[in-house]
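What follows is a short report on a single structure.
Residue numbers count from 1 along this sequence.
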Amino acid sequence: MSNLSTYTTVLFANALVCSIPNKFSAQMRLHLPPILLLPNRRLVYSAMLLFSLAVFYKIFIGTTADELSTVVRSATAAQDFKQAETASSNRRSFTVKDGDFLKDGEPFSFHAGMAHYWRRPPQYWEDTMIKLKALGLNTLQTYISWNLHEPEPESYDFEGALDFAEYFRLAQKHRLLVIARPGPFINAEVDQGGFPYWLKRLNPEMKLRTHDPAYFQYVTRWYEKLLPIMKPFLYANGGPIILVQIENEYGSYHACDQQYLLDLRDLTRKLLGPDIVLYTTDGPNATRIACGRVPDTVTTIDFGAGADLADVTKIFRESVPVGPLVNSEFYPGWINHWGRDWNTVPFEPVVKSTEELLRINASFTYYPLVGGTNFGFTVGANVYKGQFLPGTTSYDFDSPVSEAGDLTEKYWKLREVFKKAGLVPEGDPPLIVSPKGKYGPVLLKHAGSIFANLKNLSPSDLVRSENPVSFENLNHPYGFVLYRTTVHRKFRDPAVLSIPQLRDRATIFVNQKVVGVLGRTSGLTDVNIFIRPGQVLDILVHNEGRITVGDMTDDAKGLGRIVTLQNETLTGWEQYPIRLPSYPVKDPRPLDLADAAVVTPSDWNVPSFFTGTFESRPARDVFLRMDNWAQGYAFINGYNLGRYWPAQGPQMTLFIPGVFLSSTEANVLQIFELSQAPSSAADCVVELTDEPVMEPKTVYRHRASYANTPIL
């Protein structure tokens, strides 16, 4: 066969693949040429099919040159095909020269919004793009969270809510560029900063975020899977990606391993090609910048609204005399933790800082523009001044676009700034404020204690051992494990039960009656208990999220290595991993719970499940309010909405996306209450309302000056 016919066969096959519905061809489309990744690509496919058929006819049947020319002219008349030709030409380039970004040879500044794909359901991704574009921004920024994509070694997931390739396609459809941040460490307030939980199981001694081969071999394997998926989306290949980050705020990490950064840079370039522009970001501090920057990459910094721009610029230029000035994380709000006031940042400093950055033609990214939600067990925890602080389920961040996707006053004030700068697209944008549901109260009934449901939720996972086994070594990434042992001798009353290495919260039972609660947040690791020979000691351990940034060397979840009773080590343990869905869920179904025909008064004080139903016609976004409850997790139709903890605050409601609800069948709401349910069945009620509640609130002020900033 001639070269022409061979090429035509490949072209025809590619076009045919792209005509197949997405759910059948998602994996095949990952490896198609960039010309096929353009928005409005159906016209491109049609043109390619016409062209291929014409050439086939010419080669194998025979047709005149004029007839073939007519077919080709007809196909290339489509505007999208012309765009595809331009996109695939050698003129597409994104480079850095003389201190400026150059896009296709012209000076360029990006104005970006961070929006993490996993924090909004995929049905809302396009809404994110529309609101980002309508604000006047030209770029989408997102992390890629390793732990979600490789939940177990070499078991990968790039579908549904984790299909970031589709996320990139939608960005390009809306003429947005993309900044990709693949880590491997990302922080992002996610569990273990985005590292898979199993890393430490494979080798507890590995040194994370260093060139230690025990660690870097897994980074290499992950990148060899991840980066080839990203490569077709690079700007030079016709895609939207203009920048890729190396690591993340590495200058704040104690290791300061330059060989690691060089190895990571070289691995990235090897897999993405030599032309990709790589960058680093760190706080505006000379020591951090020196530790975090990498030769032959762009150095950037991050700082919040209200910072003294002259001060920040001076610090940056003392370390980086030449190069684009970029605020890679421009904070319009701030993160939140359970037990702390809800942080808010007024729009005034955000507007002022935006105006200043535009005035000097700097590039910047709002972190985040759209915060979203930490569904399931995805959220991590921080340690501040020695105190363990689990993150809230809501990642609203007081960002310009709310957790539910609504436009805030901050958004509209910023849009005025971009409009004055001539950056807002002409015409009225299709900005949709989704109507909220208000489905009223839902009465829940008791569906059995943790003990009544143990067989259903831990059907075949019992593990026996002499000493307690960690979550990691139980192959159990998140949630809960029930530890059980039997006391065989008499102890003094009361005896001190001590769990010095507890990670993170423990409910203590003697013969299935609660006798105490210990917790990392409270700092309590000892409790006095009364227990007799032959009685069963149960300890329900709650993993409240792995540390997201800083020292991760001692964060294995569970009871730790030693549990003592009156200074005597307890042995002979049974472990029951509690199998609850996290996020995303492939096939969401309500939990299979016990039928609790008879519930005693004492059951209300034991961690228990509750269930109820309600109708949502039509199905709309709604907020679950649980004022009468203490803490636990909520599930709707099998989706894990995340943790509620109104007893601690400040988050008093959980966001339920309307796409998790049904408009035709009754919705099943299930609650796993950990502390204490309402005092009676009549009070066992939750409310489905149309507004979020976060209280109490406080005004968070970002640092104005970064001179003499301490190193973490």
Parallel, tilted or perpendicular, as decided by the 30° and 60° cut-offs, for the rings of [Y] and [X]:
| X | Y | value |
| --- | --- | --- |
| F364 | H111 | tilted |
| F471 | Y483 | tilted |
| F623 | F655 | tilted |
| Y367 | Y143 | perpendicular |
| Y156 | F158 | parallel |
| H116 | Y395 | tilted |
| W334 | Y700 | parallel |
| F330 | F303 | tilted |

Step-by-step side-chain hydrogen bond (donor to acceptor under 3.5 Å, both in side chains) determination, R120 to T128: CA-CA 9 Å; R120 294 198 82 192; T128 295; 2.9 Å; yes
Can you name the ring-ring contact (aromatic ring centres under 6.0 Å, His included) partners of [X], sequence neighbours left out?
| X | value |
| --- | --- |
| Y260 | Y215, Y250 |
| H337 | none |
| Y583 | F375 |
| H211 | none |

Distance-only donor-acceptor check, side chains E403 and S394, under 3.5 Å: yes
Any luck finding a side-chain donor-acceptor pair between D621 and S434 under 3.5 Å? yes
Going by the rule side chain to side chain donor-acceptor pair (under 3.5 Å), which residues pair with D504 if we only count those two or more places apart in sequence or in a different chain? R520, K557
Which residues satisfy the side chain to side chain donor-acceptor pair (under 3.5 Å) test with D282, sequence neighbours excluded?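 Counting only residues at least two positions away or on another chain, D282 forms no side chain to side chain donor-acceptor pair (under 3.5 Å).
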One thing to verify: whether [Y] and [X] come together as a salt bridge, which I'm taking to mean a side-chain N less than 4.0 angstrom from a carboxylate O.
| X | Y | result |
| --- | --- | --- |
| R546 | D555 | no |
| D587 | R589 | yes |
| R221 | E154 | yes |
| K586 | D157 | yes |
| R169 | E126 | no |

Shortest non-hydrogen separation from [X] to [Y] and the atoms involved:
| X | Y | answer |
| --- | --- | --- |
| R643 | W645 | NH2-CZ3, 3.3 Å |
| P184 | L264 | CD-CD2, 3.7 Å |
| N147 | S145 | OD1-OG, 2.7 Å |
| P332 | P400 | CG-CD, 3.7 Å |
| D341 | N336 | O-OD1, 3.8 Å |

Could you give me the CA-CA distance, side-chain angles and deciding distance for R201 and N475, then say whether side-chain hydrogen bond (donor to acceptor under 3.5 Å, both in side chains) is met? CA-CA 8 Å; R201 179 182 78 217; N475 298 343; 2.9 Å; yes
Within the side chain of N187, is there an N or O that forms a donor-acceptor pair under 3.5 Å with the backbone of G193?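 No, the answer is negative, given that no donor and acceptor are paired below the 3.5 Å cut-off.
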